[in-house]
Enquirer: 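Please see the structure below; I have some questions.
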Amino acid sequence: MLKISKDRVHFAFDAAETPVAFAESGDEVTFCTQDCYCEQIVEDGYDFSRIDMNRNNPATGPLFIKDAEPGDLLRVEIRNIRMNSEGSMTVRSGAGIYEIEGYHCRRFSIEGKQIIFDQGIRIPVKPMVGVMGTAPEGAAISTQSPGEHGGNLDIKDLGEGAILYLPANVPGALLSMGDIHAVQGDGETVICAMEVSGEITVKVDVLKERNDIPTPFILTESNYLTTAANASLDQSSVEAAHKMHRFLQQHTELSDAQCGMLLSLAGNLRISQVVNPEKGCIMEFPVGLAKETFIR
Ligand code: CA
Ligand code: CA
């Protein structure tokens, strides 16, 4: 199986980025990834001032997928996430959505399926991928930002078994990923999660002539998820909800009013993250409610 090493990183989704590997539709590929700090935090209590914050959110890739042409959809199924046995976090004054004094770097052990936190608190792991995206058609986009190309989505549902649908904007699509979290809460409120290095194995498929999936779109075992990221959380909430409304309209015989009612009853509008340059919302709708599965 194709494996991309963790030193093949870049810091912007960019059509001009040279591919580091080539795959065909249907292939499985493993992306080895560094944590979001480029593995600079080597011990608990590490000196914050020694971290080069310009080396943040490295994405491994890009992978050129041979059949992908602009206008196609890329289906990326997360088959496996393997994590290292320690994770890092930072908390600092001026970051996150409220003030916390000082500058702090921490390392935590991950033993089996649990993170060994402080004061006897153990947190079950729920591994997920923070950054996954394709190159945009126009100007390069920093790996700090989420957007229509995917990118720094920080959606906790993007774990093992989840499928992310992304647009192919350029020939080969140029898929990259990184920023594994051992666990993350909705909001990611202090600006980081349990940041770990590891390996992500995905299956990539090119879908032709599909205009019925509002990207970036996530399918999990239990939910359909539409996503939106904007400067304002208000705007993202409206956009994510409206995307799901249109998705339901496209895939059912329900009227405009019926879709609205159904979403208001059974959909969940959630915050994904509030700390990236564009704030993210997701609208989830249970897969099991519809008579048939809309997409796979
Ligand atoms: Ca992130
Ligand atoms: Ca992160």
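Whatever order the structure lists ligands and atoms in, that order sets their numbers, starting from 1. Side-chain atoms are counted along with the backbone in the values below, which use heavy atoms only and exclude waters and symmetry mates.
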Enquirer: Are Ile110 and Val196 packed together at the side-chain level, in the sense that at least one heavy-atom pair is separated by less than 4.5 angstrom?
Expert: yes
Enquirer: Please name the residue in the list Glu195, Met89, Glu86 that meets the side chain to side chain contact (heavy atoms under 4.5 Å, CB included) test with Phe108.
Expert: Met89
Enquirer: Suppose we only count N/O/S atoms under 3.0 Å; would His181 qualify as near the Ca ion (ligand 2)?
Expert: yes
Enquirer: Does Asp154 put an N, O or S atom under 3.0 Å from the Ca ion (ligand 2)?
Expert: no
Enquirer: Quick test of your reading of the model: are Lys203 and Glu77 salt-bridged, counting only N-O distances below 4.0 Å?
Expert: no
Enquirer: Can you tell me the N, O or S atom of Asp179 that's nearest the Ca ion (ligand 1)?
Expert: OD2
Enquirer: Is the number of heavy atoms from other residues, nucleotides or ligands under 6.0 Å of Lys208 NZ greater than 12?
Expert: yes
Enquirer: With respect to the Ca ion (ligand 1), please indicate if Asn152 possesses an N, O or S atom at a distance under 3.0 Å.
Expert: yes
Enquirer: Is it true that some N/O/S atom of Glu188, main chain or side chain, lies under 3.0 Å from the Ca ion (ligand 2)?
Expert: no
Enquirer: Would you please test Phe217 and Phe247 for ring pair (Phe, Tyr, Trp, His ring centres under 6.0 Å) and show each step?
Expert: CA-CA 10 Å; Phe217 185 93; Phe247 178 76; 4.7 Å; yes
